[in-house]
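Notes to accompany the following structure.
Here is how names work: the chains are called A, B, and so on, in the same order as the sequence lines, proteins then strands, and each is numbered from 1.
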2 protein chains.
Amino acid sequence: MRTMTKKKGASALPLNTILAGDCIEAMNSLPEASVDLIFADPPYNLQLKGDLHRPDNSRVDAVDDHWDQFSSFAVYDAFTKAWLKAARRLLKPDGAIWVIGSYHNIFRVGATLQDEGYWILNDVVWRKSNPMPNFRGKRFTNAHETMIWASKSEGAKYTFNYEALKALNEGIQMRSDWVLPICNGGERLKDSNGDKAHPTQKPEGLLHRILVGSTNPGDVVLDPFFGTGTTGAVAKMLGRDWIGIEREEAYREVAARRIASVRKYDREALQVSTSKRAEPRVPFGQLVERGMLRPGETLTSPSGKIAKVRADGTLIGDDVKGSIHQVGAHLEGAPSCNGWTYWHFRREGKTVSIDVLRQQVRAEMVERTH
Amino acid sequence: MRTMTKKKGASALPLNTILAGDCIEAMNSLPEASVDLIFADPPYNLQLKGDLHRPDNSRVDAVDDHWDQFSSFAVYDAFTKAWLKAARRLLKPDGAIWVIGSYHNIFRVGATLQDEGYWILNDVVWRKSNPMPNFRGKRFTNAHETMIWASKSEGAKYTFNYEALKALNEGIQMRSDWVLPICNGGERLKDSNGDKAHPTQKPEGLLHRILVGSTNPGDVVLDPFFGTGTTGAVAKMLGRDWIGIEREEAYREVAARRIASVRKYDREALQVSTSKRAEPRVPFGQLVERGMLRPGETLTSPSGKIAKVRADGTLIGDDVKGSIHQVGAHLEGAPSCNGWTYWHFRREGKTVSIDVLRQQVRAEMVERTH
DNA sequence: TGTATACATGAATCTCAGC
DNA sequence: GGCTGAGATTCATGTATAC
């Protein structure tokens with residue numbers, strides 16, 4: 001793990017520590033555009049009528065304030081807007097946020113996210129495999145919670161480790177509904193009385209998937225409602241830096257102890273499957289320059305189209321010339337075409353994809369860097 | 001089916017008919033406190049830009065209809081507020097509403113519901129068994145839509161047929177996540193060209209579950225965005241009265257024809273509603289996420305081969321990385337390999353097959369869903 | 001007629017480096 | 001910031017066609 005601070009202009013980032021106090025004040029004390037990912041599990045005790053605080057941290061009194069539904073929503077909205085604004089200031093331009101909630105608060109959180117300029121990428125449902133049943137039989141078993149994943153703004157280049165998530169899901173694209181058990185058993189932290197240390201401790205599996213999917217090793221992850229520190233624990237295991245903010249001293253103590261006992265995974269284990277987009281580009285012309293394909297040689301497509309290689313690495317067909325992609329797209333009447341997988345050549349009586357040659361070139365590039 | 005009107009004071013209720021025109025005006029023309037349930041599938045306000053192509057270059061037929069275009073969130077919010085207000089006036093005191101949407105609009109709808117005085121009872125997730133994938137690999141598969149179920153006000157005595165829903169669910173309490181296929185095949189209505197008659201037709205199984213669960217025979221069900229009339233068709237089958245409102249004449253015609261051909265208690269519809277559950281497929285990655293195996297941990301094979309677990313649920317061996325099956329096959333020089341029975345780990349001095357862990361996960365899933 | 005293969009399609013905010 | 005061009009990217013299901 002790196003040192004405790006990262007310099008960013010004049011300010012320092014208190015990495016891998018738990019900050020005490022109100023999350024809005026704490027976030028405002030940190031340098032802007034310094035965090036890669038925020039995970040937030042904000043309070044949503046709206047309908048319990050009590051223990052709700054205004055943005056200025058004064059407590060709302062249900063009786064004195066003539067509590068009603070409307071005023072309670074207004075107060076909650078103001079609180080939500082304030083912390084989402086502070087969080088957005090902290091995010092790097094290509095950073096992202098995850099917020100988790102239930103039907104009590106998630107609609108207000110989602111609307112505020114949109115109003116504040118975040119760009120929703122997905123809503124993801126955590127489908128609990130072992131939920132608490134609805135004992136009174138008056139409603140459906142509350143068997144899920146909703147998470148919203150959003151980038152700082154529209155058009156941002158957010159991190160999404162598509163291949164790693166696909167690998168986690170046994171080769172099938174990861175869906176927006178995740179089946180995971182609730183946090184219990186040995187993972188559930190207990191206080192000295194043997195009671196649960198925190199009412200809504202999130203399972204580490206949830207954070208594992210979020211952090212593997214939307215951060216890279218070395219990224220900075222901030223959790224403004226740290227609780228017992230699940231975010232910090234999983235971030236440490238996965239080689240990400242983390243910052244927690246928590247108001248309650250009892251939670252901070254439990255979290256600190258918990259994270260101290262966590263080990264980081266081996267560096268090798270943190271390497272995940274990568275996309276082809278991350279591979280170095282190989283110009284087709286290089287295959288010609290290197291003599292892997294001869295100018296004048298004929299390439300064929302699975303659909304039986306034909307083109308000839310020219311000395312400058314372009315192709316020429318019956319009535320078209322251009323790059324391997326352009327000629328392929330034209331011959332197929334398609335909007336685009338990946339020429340690397342489309343075109344084939346003959347060697348020793350066999351038809352071979354030109355992509356095999358690209359892979360050879362790439363393999364040599366790797367060899368040379370060792 | 002009863003007569004076409006129900007007297008309610010001086011006004012009459014146009015039962016089992018489709019009203020033409022704007023839904024807000026039409027609702028305002030109906031008597032207040034006269035409807036038992038409202039099901040609404042409002043425009044989602046998708047903001048699609050260019051065309052989208054599948055990897056095979058075919059073009060996706062997008063929802064680009066004029067009725068889904070709104071110039072801003074403010075305009076969409078005003079529209080939402082107006083129709084929810086009109087709808088609430090129509091509801092009997094113990095009536096309820098269901099609204100369906102996606103992340104584009106559902107947060108705004110949910111917040112407006114709360115602001116207008118509705119009381120949210122559950123959010124229910126429709127998990128699509130066969131969603132359209134994310135073709136560019138940039139986000140999670142959009143595999144669900146969200147429905148909000150709300151009573152007219154807090155404390156209302158809404159209808160909830162707990163036992164009927166439990167029976168639909170093979171004797172287990174119905175959860176807040178429903179697995180149902182999207183509407184296609186014979187159920188999907190086509191126009192005279194053979195194209196889909198409506199871009200977003202909902203499956204009858206969804207409405208079946210909603211109406212069985214939250215109405216009684218003889219209740220009045222209103223749908224202000226009637227489309228091709230799924231709500232009316234299922235209401236008729238189930239012996240509920242219905243009122244549809246639809247602005248587009250083409251949709252009204254399709255809906256009228258469809259409902260005319262429906263018989264009460266249609267066997268086929270009941271069949272649809274009890275569609276099969278998700279198979280308990282367990283990706284290897286889930287064992288890692290859930291902490292049953294640790295990234296960096298070594299797995300062994302009966303033949304003495306070795307590989308290490310990575311954070312994304314892939315394995316890495318001496319000169320190979322990939323899924324448990326791929327790495328096993330490569331190390332054995334075999335065309336294929338069942339990684340579940342091939343790989344083993346050590347616990348308490350013993351060598352255990354990873355398949356034991358899969359069986360543990362499966363046992364938990366089966367326990368809760370059957 | 002039965003089986004195997006090919007094709008079509010679904011509420012979608014779906015690329016990115018380099019100039 | 002805008003433009004150009006390389007080149008990466010899909011799962012489940014129903015229907016049509018081929019053999």
Side-chain angles (χ1 to χ4, degrees), chain A residues 94 114 118-123 150-151 154-155 157-158 160 162-163 166 169 171-176 274-285 313-314 322-329 334-343 354-355 358, chain B residues 41-65 67-70 73 100-106 126 128-146 181-188 190 194-196 198-203 225 227 275 278-279:
Chain A
D94 292 335
Q114 292 177 314
Y118 290 93
W119 189 247
I120 298 181
L121 299 166
N122 274 115
D123 59 336
S151 60
E154 184 179 358
K157 295 192 181 103
Y158 54 90
F160 185 58
Y162 176 76
E163 292 294 338
K166 194 171 167 178
N169 197 32
I172 292 170
Q173 186 175 90
M174 188 72 82
R175 301 168 38 119
S176 60
T274 54
S275 154
K276 280 190 194 166
R277 288 192 179 96
E279 304 267 310
R281 287 200 176 191
V282 177
F284 176 72
T314 58
S323 72
I324 52 173
H325 316 294
Q326 289 167 333
V327 174
S336 70
C337 170
N338 183 344
W340 289 107
T341 53
Y342 181 75
W343 293 110
I354 61 171
D355 206 30
R358 181 170 64 162
Chain B
D41 183 10
Y44 285 10
N45 189 25
L46 301 186
Q47 296 157 49
L48 305 177
K49 305 237 164 65
D51 280 354
L52 177 66
H53 292 88
R54 298 185 183 79
D56 67 3
N57 275 326
S58 61
R59 199 177 74 88
V60 174
D61 185 13
V63 179
D64 51 5
D65 306 72
W67 48 255
D68 199 43
Q69 309 297 324
F70 294 85
F73 281 137
I100 184 168
S102 67
Y103 67 83
H104 310 84
N105 72 324
I106 198 66
W126 169 27
K128 303 180 184 183
S129 57
N130 51 349
M132 184 162 76
N134 184 290
F135 295 117
R136 317 312 289 261
K138 300 306 295 178
R139 301 183 180 192
F140 298 98
T141 310
N142 224 320
H144 75 277
E145 292 188 29
T146 301
I182 59 175
C183 180
N184 56 14
E187 189 186 325
R188 189 77 193 228
K190 301 285 161 57
D195 299 323
K196 55 191 176 191
H198 190 282
T200 70
Q201 186 184 339
K202 295 293 172 288
F225 306 97
S275 110
E279 288 295 317

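Base orientation of D/dT4: anti, the glycosidic angle falling outside 90° of 0.
Dashed line: the shortest gap from a side-chain N or O of B/K196 to OP1 or OP2 of C/dG10 is under 4.0 Å. The side chain of A/Q326 places no N or O atom within less than 4.0 Å of a non-bridging phosphate oxygen (OP1 or OP2) of D/dG5. Put simply, A/H325 has no side-chain N or O that comes within less than 4.0 Å of OP1 or OP2 on D/dA6. The phosphate of D/dT10 (OP1 or OP2) has a side-chain N or O of A/Y162 nearer than 4.0 angstrom. Taking side-chain N and O atoms only, B/N142 has no distance below 4.0 Å to OP1 or OP2 of C/dC14. Residue B/S58 places none of its side-chain N or O atoms closer than 4.0 Å to OP1 or OP2 of C/dG10. Phosphate contact (OP1/OP2 of D/dA8, side-chain N/O of A/N338, threshold under 4.0 Å): present. Of the side-chain N and O atoms in B/R139, none sit less than 4.0 angstrom from OP1 or OP2 of D/dT9. Between B/K138 and C/dC16 there is a side-chain polar atom (N or O) within less than 4.0 angstrom of OP1 or OP2. The phosphate of D/dT9 has neither OP1 nor OP2 within less than 4.0 Å of any side-chain N or O from A/K166. The side chain of B/R136 places no N or O atom within less than 4.0 Å of a non-bridging phosphate oxygen (OP1 or OP2) of C/dT13.
The same atom, C1', is picked in D/dT10 and in C/dT9; the two are 12 Å apart, to the nearest Å. Comparing C/dG10 with C/dC14, their C1' atoms sit 15 Å apart, to the nearest whole Å. The gap from the P atom of D/dG7 to that of C/dA11 amounts to 34 Å, rounded to the nearest Å.
Checking D/dT9, C/dA11, D/dT10 against every side-chain atom of B/D68, the shortest atom distance belongs to C/dA11. When distances are taken from the side chain of B/N134 to each of C/dC14, C/dA11, C/dG10, the shortest belongs to C/dC14. Closest to the side chain of B/Y103, out of C/dA12, C/dA11, C/dG10, is C/dA12. Set against C/dA11, D/dC11, C/dT15, the side chain of B/F135 has D/dC11 as its closest nucleotide.
Within the 4.0 angstrom heavy-atom criterion, only backbone atoms of the sugar-phosphate kind lie near A/R358; the bases stay farther away. At a threshold of 4.0 angstrom between heavy atoms, the contacts of A/E279 with the nucleic acid are absent. When heavy atoms are screened at a 4.0 angstrom cut-off, B/D41 is found touching base atoms of the nucleic acid. In this structure, A/P283 reaches neither bases nor backbone, as no heavy-atom distance under 4.0 Å exists between it and the strands shown. Residue contacts for B/T200: at a heavy-atom cut-off of 4.0 Å it reaches a base atom on one of the strands shown. Nucleic acid contact for A/G339: none, since no nucleic acid atom lies under 4.0 Å from a heavy atom of the residue. Using a 4.0 Å heavy-atom cutoff across all strands shown, A/I324 reaches no nucleic acid atom at all.
If you take CD of B/Q69 and P of C/dT13, they are 15 Å apart, rounded to a whole angstrom. Whole-Å rounding puts the B/N130 CG to C/dA11 P distance at 9 Å. B/R188 has its CZ atom 18 Å from the P atom of C/dA8, to the nearest Å. When the P atom of D/dA8 is taken as reference, atom OH of A/Y342 falls 17 Å away, rounded to whole Å. Distance CD1 (B/I106) to P (C/dA11): 16 Å, rounded to an integer number of Å. For the pair B/Q47 CD and C/dA11 P, the computed distance is 19 Å after rounding to whole Å. Atom CG in A/N169 sits about 9 Å away from atom P in D/dC11, given to the nearest Å. In this structure, CG of B/L52 is placed 14 Å from C1' of D/dC11, rounded to the nearest angstrom.
A salt bridge is absent between B/D195 and B/K190; no separation between the charged side-chain nitrogens and carboxylate oxygens falls under 4.0 Å. Classification of B/R59 and B/D51 as a salt-bridged pair holds, one side-chain N sitting under 4.0 Å from a carboxylate O. Salt bridge absent: A/R277 and A/E163 never bring a charged side-chain N and a carboxylate O closer than 4.0 Å.
Between B/I182 and B/P133, the residue anchored nearer the 5' end of DNA chain C, judged by the nucleotide with its closest heavy atom, is B/I182. Between A/G171 and A/S323, the residue anchored nearer the 5' end of DNA chain D, judged by the nucleotide with its closest heavy atom, is A/S323. Each of A/Q173 and A/D355 was assigned the nucleotide of DNA chain D with the nearest heavy atom; the assignment lying further toward the 5' end belongs to A/D355.
Looking at heavy atoms from C-beta onward, B/Y103 lies in side-chain contact with B/N142 at the 4.5 angstrom threshold. Between A/T314 and A/V327 the shortest side-chain heavy-atom distance does not fall below 4.5 Å. B/F135 places a side-chain heavy atom less than 4.5 Å from the side chain of B/P55.
B/T141 and A/Q173 share a side-chain donor-acceptor pair at under 3.5 Å.
C/dG10: Watson-Crick or G-U partner is D/dC11, with both key distances under 3.5 Å. With a cut-off of 3.5 Å on both pairing distances, the Watson-Crick or G-U wobble partner of C/dT3 is D/dA18.
Side-chain atoms of A/S336 and base atoms of D/dA8 include a donor and an acceptor less than 3.5 Å apart. Remark: the A/R281 side chain and the C/dG18 base include no donor-acceptor N/O pair separated by less than 3.5 Å.
The aromatic ring of A/W119 stacks onto the base of C/dT13, its centre lying under 5.5 Å from the centre of the six-membered base ring with the two planes under 30° apart.
Aromatic ring centroids of B/W67 and B/H198 lie under 6.0 Å apart.
Closest heavy-atom contact between A/D123 and A/S176: O-CB, 3.6 Å.
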